[in-house]
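Accompanying notes for the structure given below.
The chains referred to below are lettered A, B, ... by the order of the sequence lines, with proteins before strands, and numbering in each begins at 1.
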Number of protein chains: 2
Amino acid sequence: MVGMARPRFHRLDETQQQAILDAALTEFAARGFADASLNRIIESAGISKGSMYYYFDGKEDLYAHVIRDRLEAVIERDGPFPVPEERDPEGFWTVLAGYYLRLMRALMGDPQTAALLRGWLAGAGTPSLGAAAREAEQRMLPWLMQTLSTGQRIGAVRTDLAPELILGAVMGLGQAIDVWLISNPPADAVLEDAVSTVMDLIRRVVAP
Amino acid sequence: MVGMARPRFHRLDETQQQAILDAALTEFAARGFADASLNRIIESAGISKGSMYYYFDGKEDLYAHVIRDRLEAVIERDGPFPVPEERDPEGFWTVLAGYYLRLMRALMGDPQTAALLRGWLAGAGTPSLGAAAREAEQRMLPWLMQTLSTGQRIGAVRTDLAPELILGAVMGLGQAIDVWLISNPPADAVLEDAVSTVMDLIRRVVAP
DNA sequence: GGCATTCTTAGACCACTGGTCTAACTGGTG
DNA sequence: CACCAGTTAGACCAGTGGTCTAAGAATGCC
C-alpha cells in the first residue's frame, strides 16, 4: 500500500519517529510538497539519508504519511465525525455545520497542520503531487460518498447530477472559501456566522 | 513588470520565438510548472541556456509569458468577451453562457492550451507557482470584477458577500467542474446541456 | 564470550535541476 | 579593419531526489 511508512518505521524509537514527522510537517507546511526539500528534512530530523530511505520509499511516501498522521490526529482530537444519520434535511445540515465549525476551530488552533492540509488539497489537481498523496485524498471519499448518499435519501441533496460532480463542486467551493477565510480570518465572535455563510453556499450548490 | 519577456525577445527572429514558445507550451502543458524542466525546454527549442536567460528572467518568467501568449491567442481567435451590458438577469446569464460555450469549444479544439491553462489555474493555490504566474492570474481580475459589478447592479448577483469571496467561489467551482468535464467529456450533442448545468451551479452560488 | 546473521546507519555517488558567469561569436557602423 | 554592442555557448555552481555499498550495531545461538 502506498502512503504507508515501512512497518520498520513503527519499530523505530518513538522520539526519533517524532523527530522525523515534526521535521517533515514543518517543511511541508511551510513550502508545500514541490518546494519542500527532503535534504532539509533529513538534516533537521538529525538522521542520515540512508535511514530516511530505509524507512520511507521517498519524498512522496513521507508526504502522504505525514498527511495521514495529521488527519488521524485531528480526527482523534476533534472527532469523531460519523456520517450523519438524521432523517430530515435541517438536522442533516446542522450536524455537518457542527462538524465544520469544530474543524475550523481545530485548525485555527493548529496552523501548521492547517497549512499542511491546505497545501495538500490545493495541490491535489497538479501533477507534482504524486499518486501517494492523491491516494490519501481518496481515503476521504467513502465518508463523503456515504454522507452524500444519506443527503440524497432524505431529500437534502440533489440527485440530478453525478455524485462525483457534486462532491467535486463542494470540494472546489470549499477550497475557494478556505482561501478567502485565510485572507479574512473571522473573529471568534463571528465564526459561527462564517460557518453559516459557508453552509449556505454549499447548500445552494447541492439543494434538490 | 514581471511575466514579461525582455523586449529583446520580440526582436528575435519570429521562427525562433515560436520554437521557444512551442517547446515551453509542450513541456508546461504536459508536466505543469513544478515538474517541467527548463533544460528540456532549452534543448527542445534548440537554443542555449545563455540565450534563454538572455531573453527571460527564468523558468517562472517564461511560464507566465507562455500563459499570457496562449490567453491572448484564445481571446484573439475566439473572443471578444466584453463585459456584458445587458440590463436584465436572463440576458446577463445568456451572454455569459455563450462565452463559456465558446471557450469550451475553443479549448476542446486546443488540448495543449487547455492543459496549460488548467495546470496554471490548479496551481494558483500552491507555493511552487511563483509570483509571475500569479500576476498573470491577477490580470483577469478587472474583467471579473466588472462583470460581477454589472451582475450586482442588475440584480443577477448577490451583494451580501465580499466580491473576492464570490469570485473565489465561482473560480473554485469552475475548476472542480472543469476537472469533472475532463474525466467525463460531453459529446458535442450535449455540450449545451453541460453548459446549462455549469451555469446553473454558478447561478445558485451567486443568486441574490 | 565469540561468531554469524540481520538490521540499521552513513554518506559517497549519480543524473538532473535552475541559475550565473565569462569567453567567444556575430553583426553593424565608422 | 577596428571597435562596440548584441547574442550565443556552455562551463560551473549549489542544490535536488534517489541509489548503493561499506560499516556499525544489535540480536541470537552455540
*Show your working on side chain to side chain donor-acceptor pair (under 3.5 Å) between B/Thr26 and B/Gln112 and close with a plain yes or no.*
CA-CA 7 Å; B/Thr26 301; B/Gln112 222 176 27; 3.3 Å; yes
*Verify salt bridge (charged side-chain N to carboxylate O under 4.0 Å, His left out) between A/Arg6 and A/Asp61, making sure each step is shown before the conclusion.*
CA-CA 10 Å; A/Arg6 295 171 171 175; A/Asp61 189 29; 5.8 Å; no
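A sub-4.0 Å separation between OP1 or OP2 of D/dT8 and a side-chain N or O of B/Tyr55 is present. At the phosphate of D/dG18, OP1 or OP2 sits under 4.0 Å from a side-chain N or O atom of A/Tyr53. Distances shown here put every side-chain N or O of A/Asn39 at or beyond 4.0 Å from the OP1 or OP2 atom of D/dG15. For B/Arg8, a side-chain nitrogen or oxygen approaches OP1 or OP2 of D/dT7 to under 4.0 Å. For the OP1/OP2 pair of C/dT8 and a distance below 4.0 Å, the side-chain nitrogens and oxygens of A/Tyr54 include at least one atom meeting the criterion. Using a 4.0 Å cut-off, some side-chain N or O of A/Lys59 falls inside it from OP1 or OP2 of D/dG17. In terms of phosphate contacts, A/Ser48 brings a side-chain nitrogen or oxygen within less than 4.0 Å of OP1 or OP2 of C/dA10. Between A/Ser51 and the phosphate of C/dT9, there is a side-chain N or O to OP1/OP2 separation shorter than 4.0 Å.
The minimum heavy-atom distance linking B/Phe92 with B/Pro84 is given by the pair CD1-CB, 4.0 Å. Taking every heavy atom of both residues into account, B/Asp78 and B/Ala106 meet most closely at OD2-CB, 3.2 Å.
Side-chain atoms of A/Glu86 do not come within 3.5 Å of backbone N or O of A/Val95 as any donor-acceptor pair. Panel note: side chain B/Lys49, backbone B/Leu38; no donor-acceptor pair is recorded below 3.5 Å. Counting only distance, with no hydrogens or angles, the side chain of A/Asp69 and the backbone of A/His65 share no donor-acceptor pair below 3.5 Å.
Contacts classified as salt bridge (charged side-chain N to carboxylate O under 4.0 Å, His left out) and involving residues 157-180 of chain A (residues at least two apart or in different chains) are given here: A/Arg118-A/Asp178, A/Arg158-A/Asp160, A/Arg158-B/Asp200.
Rounded to an integer number of Å, the gap from A/Arg11 CZ to C/dC7 P is 8 Å. The distance between atom CZ of B/Arg6 and atom C1' of D/dT7, rounded to the nearest whole Å, is 13 Å. What separates CZ of A/Phe56 from P of D/dG18 is a distance of 13 Å, to the nearest Å. For A/Met52 and D/dC20, the CE to C1' distance is 18 Å, given to the nearest whole Å. Whole-Å rounding puts the B/Asp61 CG to C/dG19 C1' distance at 13 Å. Taking atom CD1 of residue A/Ile41 and atom P of nucleotide D/dG17, one finds them 8 Å apart after rounding to whole Å. Rounding to whole angstrom units, CZ of residue A/Arg40 and C1' of D/dG17 are separated by 13 Å. Taking atom CG of residue A/Asp57 and atom P of nucleotide D/dG17, one finds them 15 Å apart after rounding to whole Å.
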Taking N or O atoms only and anything under 3.5 Å, show me the protein contacts with nucleotides 22-25 of chain C, one pair per line.
none

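With respect to the salt-bridge test (charged N to carboxylate O, under 4.0 angstrom), the residues A/Asp110 and A/Arg70 qualify. For the pair A/Arg105 and A/Glu192, the salt-bridge criterion is met [side-chain N within less than 4.0 Å of a carboxylate O].
A heavy atom closer than 4.0 Å to some atom of DNA chain D occurs in no member of residues 16-35 of chain B.
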